[in-house]
Asks: 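Please read through the structure below; I'll follow up with questions.
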Amino acid sequence: MTNLAALLYLVSGVLFIQALRGLSSPETARKGNLYGMAGMAIAILTTLAHAHLSFGGTMLVLVALFIGGTAGAVIARRIAMTAMPQLVAAFHSLVGLSAVFVAAAALYSPEVFGIENADGSLHMQSLIELSLGVFIGAVTFSGSVIAFAKLNGNMSGKPIILPKRHIVNLALLGGAAFLVLILVATHGEGSIAHTLFWLLTLVALVFGVLLIIPIGGADMPVVVSMLNSYSGWAAAALGFTLENTALLITGALVGSSGAILSYIMCKGMNRSFISVIMGGFGETAAAAEDDGIERTVKRGAAEDAAFIMKNAGKVIIVPGYGMAVAQAQHALKEMANLLKEEGVEVKYAIHPVAGRMPGHMNVLLAEADVPYDDVFELEDINSEFGSADVAFVIGANDVTNPAAEDDPSSPIYGMPVLKVWEAGTVMFIKRSLGAGYAGIENPLFFRDNTMMLLNDAKKMVEEINKAL
């Protein structure tokens, strides 16, 4: 039975790897999801069969699965695509919280987990694994709650800079390490060990909050990816304690893939991972927003935009969070089809951190059945703006800001951006001339070749379609 369980866990691990491989591309994402679901089903059924639970215990697990599965299905069907980033953050928080609960269960009932010595003490390596699991899990939980609140608008998306925050964070890390050492020294016995465990949990919860609140909205895609990685490492640490191969494999896959994705996001913003964690991106933006200089913009109507694009040879569409908020992807797809019927070449340009989570724009465009061959990443499309007649920007504020290249004082200076200003005409759909999520004004609005189409994105695109 043990050998069969190990084999089935290996099969589920292979399916998880195939799931990650599938999720790396919109074309294979659906198949990747199916692989992941199959792998998780095998892992759960194998665990139930291998656990030798009583009838009552089995029923409790099945009830929990039914409640969780039903809640997940209802939420997944009802959630709007604009709320997907905060949903992901909320799910990460639950993974972190479950890691804390599992670690607590192992500490209070070590005999069930097989981590107890003959004299009643706990294995030293198990205590270390439990400490790592509960610390990472608690940080993931509280950090994800803050990320959810920022993404959901329950608290400001701007950096919240606390005085001496780096010193406080270092003190919390040092305190956590000290608590782990004392916990290991107690061998996990008695009420002292339990008190130390919950103190460690409290320190980790506070650290998670302080880690995320100074991070601004522009870095949210990295935060979502980073918390994803944390949840994986928490699961992997407890996989050792539980001696559960599936949990270990899954945690390692999620942890490593999340870390790699975080690196890709940081590279897309020309930021180091450490600088993101230190927070404060955009905190100097307020000074740049109001320099006392009055500027004028060139406003256009849907008919103007339709006439220019209909007579263009090449149009590059740049989607951003404004498209997600307005749910304009289907109207945008219709616009692209109308332009193609007129013989216009249409492409989509995606910045790696457009939106509020990695791949946000790709998911929205896939939902509207935009052909995958029409969608290009920054490094593949940036050189084509110079040959484009029109760059059609729909809500992508920060990732098209020329200050990233020509203003050394800007907080986003050095960040790779889409060079839409090199196109013959830049059409920019926004509700207003306000700054983007990073809180930084975009000087592109005031350039001679920019036409501002100030309206709700979906309404404006639908009016353009009528004009076409």
Asks: Quick check for you: to the nearest 0.5 Å, what is the distance between Leu172 atom CG and Leu179 atom CG?
Replies: 10.5 Å
Asks: Can you find a pair of side-chain heavy atoms, one from Leu122 and one from His187, that are under 4.5 Å apart?
Replies: no
Asks: Regarding Ser225 and Ser262, do their side chains bring together a donor and an acceptor under 3.5 Å, going by distance alone?
Replies: yes
Asks: Mind listing the closest non-hydrogen atom pair of Glu129 and Ala237 along with its distance?
Replies: CB-O, 3.7 Å
Asks: Would one find more than 12 heavy atoms of other residues, nucleotides or ligands at under 6.0 Å from atom CZ of Phe113?
Replies: yes
Asks: Any donor-acceptor pair under 3.5 Å linking the side chain of Lys333 with the backbone of Asp369?
Replies: yes
Asks: Please confirm whether Lys419 makes a cation-pi placement over Phe385, using NZ or CZ under 6.0 Å from the six-membered ring centre and within 45° of the ring normal.
Replies: no
Asks: A quick test of your reading: do over 12 heavy atoms of other residues, nucleotides or ligands sit less than 6.0 Å from CZ of Phe101?
Replies: no
Asks: In terms of side-chain geometry, is the basic nitrogen of Asp456 or Arg431 positioned less than 4.0 Å from the acidic oxygen of its partner?
Replies: yes
Asks: How about CD on Glu243, more than 12 heavy atoms from neighbouring residues, nucleotides or ligands closer than 6.0 Å, or not?
Replies: no
Asks: Short question: side chain of His360, backbone of Gly320 - any donor-acceptor pair under 3.5 Å?
Replies: no
Asks: For Tyr9, which of Thr47, Thr250, Ile42 qualifies under side chain to side chain contact (heavy atoms under 4.5 Å, CB included)?
Replies: Thr47
Asks: Should we count OH of Tyr372 as having more than 12 external heavy atoms under 6.0 Å?
Replies: yes
Asks: Please check if the side chain of Thr46 supplies one atom and the backbone of Ala43 the other of a donor-acceptor pair under 3.5 Å.
Replies: no
Asks: Do you know which two heavy atoms are closest between Ala457 and Ile429, and how far apart they sit?
Replies: CA-CG2, 3.6 Å
Asks: Would the distance check show the side chain of Asn442 and the main-chain N or O of Leu444 forming a donor-acceptor pair, the cut-off being under 3.5 Å?
Replies: yes
Asks: Taking the side chain from Asn152 and the backbone from Asn154, do they hold a donor-acceptor pair closer than 3.5 Å?
Replies: no
Asks: Between Thr28 (side chain) and Ser24 (backbone), is there a donor-acceptor pair under 3.5 Å?
Replies: no
Asks: Which pair of non-hydrogen atoms, one from Leu253 and one from Gly13, has the smallest distance, and what is that distance?
Replies: CD1-O, 4.2 Å
Asks: Under 3.5 Å, is there a donor-acceptor pair between the side chain of Ser229 and the main chain of Gly255?
Replies: yes
Asks: Please check: side-chain N/O of Lys347 versus main-chain N/O of Val375, any donor-acceptor pairing under 3.5 Å?
Replies: no
Asks: Closest approach of Gly96 and Thr140, non-hydrogen atoms and distance?
Replies: CA-CB, 4.1 Å
Asks: Can a donor-acceptor pair be found, under 3.5 Å and without considering hydrogens, that links the side chain of Thr70 to the backbone of Ile67?
Replies: no
Asks: Is Ile192 atom CD1 crowded by more than 12 heavy atoms from other residues, nucleotides or ligands, each under 6.0 Å away?
Replies: no
Asks: Give me the atom names and distance for the closest heavy-atom approach of Ala235 to Leu247.
Replies: O-CG, 3.5 Å
Asks: Report the residue from Ile317, Val370, Leu364 that forms a side chain to side chain contact (heavy atoms under 4.5 Å, CB included) with Leu332.
Replies: Ile317
Asks: Any side-chain heavy-atom pair from Asn362 and Glu377 closer than 4.5 angstrom?
Replies: yes
Asks: Quick check: closest heavy atoms across Ser231 and Val95, and the distance to 0.1 Å?
Replies: CB-CG1, 3.5 Å
Asks: Walk me through it: do Leu210 and Phe207 pass the test side-chain contact (heavy atoms from CB on, under 4.5 Å)?
Replies: CA-CA 5 Å; Leu210 297 181; Phe207 182 72; 5.7 Å; no
